[in-house]
Amino acid sequence: MLTDYRSFYLCGLAGINPIGVVQVIRDILTLRRALAGLPRPVGFVPTMGALHAGHLSLIRRARKDNPTVVVSIYLNPTQFNQPEDLETYPSDLQRDLTLLQDEKVDVVFAPSHEEMYPAGFQVDRRWWPGRLAEVLEGRFRPGHFEGVITIVRRLFEAVRPDRAYFGQKDYQQWRIIERMAGDLFPGLQVIGLPTVRDDDGLALSSRNVRLSPQGRRRAALLPKALSQAREAIEADVPIPQAVQQARQMLEAAGVQVEYLEAVDPLTLEPVVEGNCLLCAAVYVEGVRLIDNVLVEK
Ligand code: AMP
């Protein structure tokens, strides 16, 4: 198995694809040429690297569904609304490539910033989903979804996939991309897959590595609070009361709650009865964590 990143890279540059070796491609033209020779349907998994089992679950499903699998690794600066979050975001391309090789991914698209933003760091506002991107994360992370929409649109235009896979951990992102595909990429199927969690319930996230062992224990209260709220709602406790109890439990343990809301799973507007999605964003040791659970009544 190749473990030297330069070897991955050189194969990509030369357009060589020795059997079983993932191609690493840095520019759109080479990507288009490589994909022209590969069978459809093409399954695509966009990532920002620092891969974990959550990413791998998407990749494995893409591998199962499609003869060709493309994974992108691109740390997109425009979706980070806090500079220190971008600066401290983990990155280990060598390790990621070894994992992707093991998953038998056909093509890794790891573009440069110049390739993704040729005219400088500009956000593309031609398509906007309105309220869907303005509630929840949109309210607390100004500019975040503008950055996400810009990069995912650009990646879709470059890869032209038949299927694209997203994690429901980033539920709002998945819904926005699904709607964008419906409007701008007819025929592209957007598939949302369940959140992968650690044994303590904490949703896997590249940012979890920044937590101390103590912070990690506190972070695990987030999924606990959400699942307790779900059980309460299922046992007919009114939604606002269950939400309030979950918030109190987190705050009593020193977890800073940015939002904790019950929303309609389709529109993401607040609800007080019926099916709902419980969504939360919290801070533990300065690390921002998000999670959600679906409640079906
Ligand atoms: P990211 O690298 O954080 O941009 O994530 C890339 C994709 O992986 C997104 O579609 C995420 O929603 C998805 N993802 C991240 N964490 C998880 C997880 N714990 N379970 C499932 N999917 C995830």
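Basis for what follows: all heavy atoms, side chains included, without hydrogens, waters or symmetry-related copies. Whatever order the structure lists them in is the order used to number ligands and atoms, beginning at 1.
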Those atoms of ligand 1 less than 4.0 Å from some heavy atom in [X]:
{"X": "L58", "value": "7 (C), 8 (O), 10 (O), 13 (C)"}
{"X": "H52", "value": "15 (C), 16 (N), 17 (C)"}
{"X": "L204", "value": "16 (N), 17 (C), 18 (C), 19 (N)"}
{"X": "K169", "value": "16 (N), 17 (C), 19 (N)"}
{"X": "T47", "value": "2 (O), 6 (C)"}

Counting both backbone and side chain atoms, is some N or O of [X] under 3.5 Å from an N or O of ligand 1?
{"X": "A203", "answer": "no"}
{"X": "P46", "answer": "no"}
{"X": "F166", "answer": "no"}
{"X": "D170", "answer": "yes"}
{"X": "H55", "answer": "yes"}
{"X": "G49", "answer": "no"}

Testing the basics here: between [X] and [Y], what is the closest heavy-atom pair and its distance to 0.1 Å?
{"X": "R197", "Y": "A203", "answer": "NH1-N, 3.9 Å"}
{"X": "A253", "Y": "R218", "answer": "O-CD, 3.1 Å"}
{"X": "P90", "Y": "V209", "answer": "CG-CG2, 4.0 Å"}
{"X": "I290", "Y": "L222", "answer": "C-CD2, 4.2 Å"}

| remark: Separation between CG (N275) and CG (D264), nearest 0.5 Å, reads 8.5 Å
One residue to check: [X]. Relative to ligand 1, which of side chain, backbone, both or neither has a non-hydrogen atom less than 4.0 Å away?
{"X": "Q168", "result": "neither"}
{"X": "Y74", "result": "neither"}
{"X": "M48", "result": "both"}

| field | Heavy-atom gap P194 to ligand 1 smaller than 4.0 Å | value |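 Heavy atoms of P194 do come under 4.0 Å of ligand 1.
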For [atom], what's the nearest protein heavy atom and its distance?
{"atom": "atom 3 (O) of ligand 1", "value": "Y89 OH, 3.7 Å"}
{"atom": "atom 20 (N) of ligand 1", "value": "V196 N, 2.8 Å"}
{"atom": "atom 10 (O) of ligand 1", "value": "G167 N, 2.9 Å"}

| Do other residues, nucleotides or ligands put more than 12 heavy atoms under 6.0 Å from E251 CD? |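 More than 12 heavy atoms, drawn from other residues, nucleotides or ligands, come within 6.0 Å of this atom.
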Ignoring hydrogens and angles, state whether a donor on the side chain of [X] or [Y] is under 3.5 Å from an acceptor on the partner side chain.
{"X": "E285", "Y": "S212", "result": "yes"}
{"X": "T68", "Y": "R40", "result": "no"}
{"X": "N66", "Y": "Y165", "result": "yes"}

| Would you say the side chain of L132 lies within less than 4.5 Å of the side chain of T267, judging by non-hydrogen atoms? | no
| Any side-chain heavy-atom pair from L99 and L97 closer than 4.5 angstrom? | no
